[in-house]
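Structure first, commentary second.
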Protein chains: 2
Amino acid sequence: MSRTTIADVAREAGVAKATVSHALTGNRPISEETRAKVLAAAERLGWVPSQNARALANRRANAIAVVLARNPDVIANDSFFPAFIAGVESVLAETETALLLQVVPDRDAEERAYRSLAHGRADGALLLDLRDDDWRVPFLEELDLPTVLVGAYDGPHPFSCVRTDDAAPIREIIAHLRDAGHERIAHVSGPLRYVHSRARADAYVAEIGDDALLREGDFTAASGRALTAELLALPERPTAIVYSNDTMAIAGLSFARAQGLSIPADLAISGFDDDHLSAHLTPALSSVSTDPAARGRAAARLLQAAVGGAEPRTEVVDCNVVHFRESTSA
Amino acid sequence: MSRTTIADVAREAGVAKATVSHALTGNRPISEETRAKVLAAAERLGWVPSQNARALANRRANAIAVVLARNPDVIANDSFFPAFIAGVESVLAETETALLLQVVPDRDAEERAYRSLAHGRADGALLLDLRDDDWRVPFLEELDLPTVLVGAYDGPHPFSCVRTDDAAPIREIIAHLRDAGHERIAHVSGPLRYVHSRARADAYVAEIGDDALLREGDFTAASGRALTAELLALPERPTAIVYSNDTMAIAGLSFARAQGLSIPADLAISGFDDDHLSAHLTPALSSVSTDPAARGRAAARLLQAAVGGAEPRTEVVDCNVVHFRESTSA
DNA sequence: CTGAAAGCGCTAACAA
DNA sequence: TTGTTAGCGCTTTCAG
């Protein structure tokens, strides 16, 4: 491993360690001449400052973190996460900031992870998969770690927040289905403890008037299939199902077809997230594109601001667009 | 931020700092009694050791890194990366190791990033998107940073390596197409500077005998479309196209259909990667599932071994499975 | 404008 | 089995 230190550079340049430090950070006036000397020496030796030493001395890690309490497989089977991370990275890249990603198996490990971050491992954290009454919010507040909440959170908190309006697209889809004559419209939601699932489900219930045809899934294909089966077995089966993600919608679509139903004639179907292949299915799946990358960018910017001491603020990213395709056409 | 340090814990437990350290690491014998005392004190104070201080003192960061020189968007539009990361994390989670992800805009920043890692920011690195004659390999060797190469690399190197056999599935697909009577079989590859693209293209050329119907794409839908157009405009157009990923295959499929061709009757099509929706398309797309998560797990294990001082070794992950579906059926 | 020296929080000798 | 001390490589007073 690289053993070149600031002392080597100082010696090579014939200056003090402090001068090297300041030549790089610009934290105090340096004559152009010595600065050039230092930079040249650093270049020659291939020296970069140790982030650990630097973090220890000035409490700045040049990294932000995302701690994931979910099964790692979800990273792969979720179209939100990769795109979100891509958005985050596109902002971080500008400042050569790294993203620390940690998956934890349980609550204990999760608390340790956040404590470790607050102890200088990262400058801030992004909170995903928010639940109502999420313990992490007060916990991070006490840890005093700059944080950005991705998704709505109802309780009081001192953090910046990136929100979207998930109710509007659900209302739009239902209106569209009603225009096409549908009266029994069902909804297969994600886990209702997640605020975004809940927002969609609430919009559905508000619009329909009751929750008789609401079923709580967990975003997996298996649950999409099972709940579709349940709904289709009803005495008066629904003529349309609004799903809370594309994975469940496609599983439902497959199941319905296997039952001999034709889509959309017998059953209209819509998804959420607009997976990049959804438009290519037959029938093409109506869905809501959500631009997770835009939210990633917004979250990263807000976090960088928070790390810099800015006041918290809530940013509503207007990114949800409904795409009506064959699976809901009249 | 948390300001509790090892000194606070030592005071609270009535022991020396070193004792606290050793109580946690188990690096030297400690009486059960004091150990319990220390752990209780740490618990009470909510203390976790500072990774920075620890890394500085013993050169162990408890993190491994992936540096990405590509456009962040690719993270989202690539089915390999998220699944690979999921596999990596599933192994890292066991040891509470974090993954440091950094996107860099240019070669300079990339070198700096790797230097920083070698300077104690991470214990090792995973190298993706290998090219033949990749400058990073000798560079990391000189930096003496434990590394695992993901993908084949021909030059000499002192690192562990995770390989797959990408030629076999291509041969299998071509054999299958020939059985169905196809004689003009084309291949749309990825960038040939990437070793995995090249391996597939080489297998194609070896099997077919020439590269007249080989076209070099870049894995994007746009290139899939453009090269399909080019191939279909040939005087003697191919009757089958083997693509190097699903994205290009689906773009090609859409284009061909828009030209009035029917799939697979007029044109057989196969992809690579087996995107999770490919089986749901109509016609369902023949593809090669590659289990990137398995490679992620293997890479993470090899890297942890390398960090621990193990000898480098090459692991061939046998994960490629061809799925023949409607898009290539006779 | 520059240098010297004191820490940041931890681990690893070295003693006891 | 435990305590004491000297760094790890950097930033930042404090002097000059």
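Computed from a prediction, not measured in an experiment: that's the story for all the values here.
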Exercise. Taking atom P of D/dT4 as reference, at what distance in whole Å does atom CZ of B/Arg11 sit?
Worked result: 13 Å

For this session: State which residues pass side chain to side chain donor-acceptor pair (under 3.5 Å) with B/Glu96; sequence neighbours excluded, sorted by chain then number.
Result: A/Arg112

For this session: For B/Thr164, enumerate each residue passing the side chain to side chain donor-acceptor pair (under 3.5 Å) test, keeping only those at least two apart in sequence or located in another chain.
Result: B/Asp166

Seminar exercise, completed: Axis-to-axis angle across the helix from C/dC1-D/dG16 to C/dA16-D/dT1, five pairs each end, nearest 10 degrees, ~ 40°

For this session: Salt-bridge test for B/Glu33 and B/Lys37: reply yes if a basic N is under 4.0 Å from a carboxylate O, no otherwise.
Result: no

Exercise. What residues form a side chain to side chain donor-acceptor pair (under 3.5 Å) with A/Arg163, not counting sequence neighbours?
Worked result: none

Exercise. Are the aromatic ring centres of A/His196 and A/Phe219 under 6.0 angstrom apart?
Worked result: yes

Problem set entry | D/dT2 OP1/OP2 closer than 4.0 Å to side-chain N/O of B/Ser31 | yes

Ignoring hydrogens and angles, write down the donor-acceptor pairs under 3.5 Å from the side chains of residues 62-71 of chain B, residues two or more places apart or on other chains.
from	atom 1	to	atom 2	distance (Å)
B/Asn62	ND2	B/Gln51	OE1	3.1
B/Arg70	NE	B/Asp129	OD2	3.1
B/Arg70	NH1	B/Asp78	OD2	3.4
B/Asn71	OD1	B/Asp73	N	2.7

Exercise. Does any pair with a residue in residues 10-26 of chain A pass salt bridge (charged side-chain N to carboxylate O under 4.0 Å, His left out), and if so which ones, sequence neighbours excluded?
Worked result: A/Asp8-A/Arg11, A/Glu12-A/Arg44

For this session: Whole angstrom is fine here: how far is it from CD1 in B/Ile30 over to P in D/dT1?
Result: 9 Å

What protein N or O atoms touch nucleotides 11-14 of chain D N or O atoms at under 3.5 angstrom, if any, and at what distances?
from	atom 1	to	atom 2	distance (Å)
D/dT11	OP1	A/Arg54	NE	2.6
D/dT11	OP1	A/Arg54	NH2	3.0
D/dT11	OP2	A/Ser21	OG	2.7
D/dT12	OP2	A/Asn27	ND2	3.1

Problem set entry | Rounded distance (Å) that lies between atom C1' of C/dT11 and atom CG of A/Leu56 | 12 Å

Exercise. Between C/dC10 and B/Arg60, is there an OP1 or OP2 to side-chain N/O distance shorter than 4.0 Å?
Worked result: no

Problem set entry | Of the listed nucleotides D/dC10, D/dG3, C/dG3, the one nearest the side chain of B/His119 | D/dC10

For this session: Could you tell me the separation between the CG atom of B/Leu24 and the C1' atom of C/dA12, rounded to a whole number of Å?
Result: 16 Å

Problem set entry | Spacing of A/Arg59 atom CZ relative to D/dC10 atom P, expressed in whole Å | 18 Å

Problem set entry | Separation of D/dC8 P from B/Asn52 CG (nearest whole Å) | 17 Å

Distance-only donor-acceptor pairs under 3.5 Å for side chains of residues 293-302 of chain B, two or more places apart:
from	atom 1	to	atom 2	distance (Å)
B/Arg295	NH2	B/Thr290	O	3.4
B/Arg295	NH2	B/Thr290	OG1	3.3

For this session: Sequence neighbours left out, what passes side chain to side chain donor-acceptor pair (under 3.5 Å) with A/Glu89? Give chain and number order.
Result: none

